[in-house]
Protein chains: 2
Amino acid sequence: MSSASILTQHGIKPSLTRMMIYDCLKESNSHPNVEEIYRHLVNQIPTLSKTTVYNTLHLFTEKQIARVVMLKDQENRYDLAGHPHAHFQCLVCHQVYDAELPEESHVPRGFQSFKIVDRSVLFTGTCERCLNP
Amino acid sequence: MSSASILTQHGIKPSLTRMMIYDCLKESNSHPNVEEIYRHLVNQIPTLSKTTVYNTLHLFTEKQIARVVMLKDQENRYDLAGHPHAHFQCLVCHQVYDAELPEESHVPRGFQSFKIVDRSVLFTGTCERCLNP
DNA sequence: TTATAAACTTGTAATCATTACAATATTTTA
DNA sequence: TAAAATATTGTAATGATTACAAGTTTATAA
Ligand SMILES: [Mn+2]
Ligand SMILES: [Mn+2]
Ligand SMILES: [Zn+2]
Ligand SMILES: [Zn+2]
């Protein structure tokens, strides 16, 4: 499905800038931060402002087509919201990998009367590439 | 066991400041940030510097007696490293609750040759208190 | 004890991601 | 076309964290 129609379906007017930021998230599976998205797009959109990248990512997050990846990093990284999955981050090269989300066993004891809407899982360690250089 | 001996056991010289920061983490189960730790202690240690709080928390994290709690917050929150557990953060009041860590089923598919050293789990939603005000 | 070195603590300035906000540009509506 | 709404931009402010050098305390050795 086209980027435009996905944005439209989520109540976001599909401006060129917004589509390109969406495509940037879709094509790269590197969980880019604002700086990386900006640097990637400013070649094609020379007037692009970093504020627009922030605004757009906020809008995407609000409308649930993107999510902030939970990492111990100091800056936010973004991911399309499509399929729930876990992440692995290498402590050596800091690369973020997608991983399957372990099966949800049950609501944790004592949280039956809480409303749980999301579960983030982050594995950390050393990636294969960094183990066998 | 005394704070002093725990610090010593982990190769940290137990200065008064360090013991008090350790006790602050131990006594409060609110996962305090640097600002909160500083404000709590500066009454008792009027010469305390925020840099010292940062330095000490870095040292504690390095020596594995404390950990950074993984949250979507913009600032780091700290926890003693004692017992592995998950967290729940309320999206309304932002309170952080300890939760049991769901049983690890298995290493995620495709990560057999990675070295996984840690797993962080964060539930988000609305806490009981905010659901029934 | 006294001198010297090491370790610890402090204060200030710099950095960096993010937000605030007002100005400009574009698109929509009347 | 004109006015209103929306989108984008640029600059300044904020706030957490880090860098770093200076000061203080503690340990070690003459
Ligand atoms: Mn992902
Ligand atoms: Mn905890
Ligand atoms: Zn790696
Ligand atoms: Zn709550």
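Numbered from 1 within each chain, the chains take letters A, B, ... in sequence-line order.
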Trainee: Kindly point out which of dT17(D), dG11(C), dT28(C) is positioned nearest to the side chain of Ser49(B)?
Mentor: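 The nucleotide sitting nearest to the side chain is dG11(C).
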Trainee: Return the value, rounded to whole Å, for the distance between atom CD of Glu75(A) and atom P of dT18(D).
Mentor: 12 Å
Trainee: Would Glu128(B) and Lys115(A) pass as an ion pair if we require N to O under 4.0 Å?
Mentor: no
Trainee: Nearest-Å distance, OH (Tyr38(B)) to C1' (dT10(C))?
Mentor: 10 Å
Trainee: How close or far is atom C1' of dT8(D) from atom CE of Met20(A), stated in whole angstroms?
Mentor: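 Taking CE of Met20(A) and C1' of dT8(D), I get 15 Å after rounding.
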Trainee: Which residue, Val53(A), Thr56(A), Leu48(A), forms the side chain to side chain contact (heavy atoms under 4.5 Å, CB included) with Ile37(A)?
Mentor: Val53(A)
Trainee: Nearest whole angstrom, please: distance from the C1' of dT25(D) to the CE of Met19(B).
Mentor: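 One finds 15 Å between C1' of dT25(D) and CE of Met19(B), rounded.
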Trainee: Between dG11(C) and Thr51(B), is there an OP1 or OP2 to side-chain N/O distance shorter than 4.0 Å?
Mentor: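 No, because none of the side-chain N or O atoms of Thr51(B) sits under 4.0 Å from OP1 or OP2 of dG11(C).
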Trainee: With 3.5 Å as the limit, what N/O pairs link the protein to nucleotides 14-16 of chain C?
Mentor:
none

Trainee: OP1 or OP2 of dT17(D) sitting under 4.0 Å from any side-chain N/O of Asn76(B)?
Mentor: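 Answer yes for this pair, as a side-chain N or O of Asn76(B) is under 4.0 Å from OP1 or OP2.
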Trainee: Separation of Glu35(B) atom CD from dT17(D) atom C1', in whole Å?
Mentor: 13 Å
Trainee: What's the spacing between His10(B) NE2 and Ser5(B) OG if we round to 0.5 Å?
Mentor: 10.5 Å
Trainee: Angle between ring planes, His58(B) versus Tyr54(B), binned at 30° and 60°: parallel, tilted or perpendicular?
Mentor: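 Plane angle between 30° and 60°, so tilted.
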Trainee: Give a yes/no on whether any side-chain N or O of Thr47(B) is located under 4.0 angstrom from OP1 or OP2 of dT10(C).
Mentor: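 Checking dT10(C) against Thr47(B), a side-chain N or O does come within under 4.0 Å of OP1 or OP2.
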Trainee: State, without any angle test, whether Thr124(A) and Gln89(A) hold a side-chain donor-acceptor pair at a distance under 3.5 Å.
Mentor: no
Trainee: Check the distance between dA20(C)'s P and Tyr54(A)'s OH and give it to me in whole angstrom.
Mentor: 12 Å
Trainee: dT9(C), OP1 or OP2 - any side-chain N/O from Ser15(B) closer than 4.0 Å?
Mentor: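 Yes.
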Trainee: For Asn33(B) and for Leu48(A), locate the closest nucleotide of DNA chain D by heavy-atom distance; then report the residue assigned to the nucleotide nearer the 5' terminus.
Mentor: Leu48(A)
Trainee: I want to check one thing: is the phosphate of dC8(C), taken as OP1 and OP2, less than 4.0 Å away from some side-chain N or O of Asn55(B)?
Mentor: no
Trainee: Report yes if a side-chain nitrogen or oxygen of Thr17(A) is closer than 4.0 Å to either non-bridging phosphate oxygen (OP1 or OP2) of dT8(D); otherwise report no.
Mentor: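 Checking dT8(D) against Thr17(A), a side-chain N or O does come within under 4.0 Å of OP1 or OP2.
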Trainee: Do any side-chain nitrogens or oxygens of His58(B) fall under 4.0 Å of OP1 or OP2 in dT17(D)?
Mentor: no
Trainee: What integer distance in Å separates Leu59(B):CG from dT18(D):C1'?
Mentor: 16 Å
Trainee: Return the orientation label for the Phe111(B) and Phe88(A) ring planes: parallel under 30°, perpendicular over 60°, tilted otherwise.
Mentor: tilted
Trainee: Could you tell me whether Lys50(A) contacts a base, only the sugar-phosphate backbone, or nothing, with contacts defined as non-hydrogen atoms closer than 4.0 Å?
Mentor: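 No contact at all - Lys50(A) keeps every heavy atom at 4.0 Å or more from the nucleic acid.
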Trainee: Under a 3.5 Å cutoff, is there a donor and acceptor pairing between the side chains of Ser30(B) and Ser28(B)?
Mentor: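 Short answer, yes.
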Trainee: Take atom CG of Leu71(A) and atom C1' of dA17(C), then tell me their distance rounded to the nearest Å.
Mentor: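 Nearest whole value for this atom pair: 15 Å.
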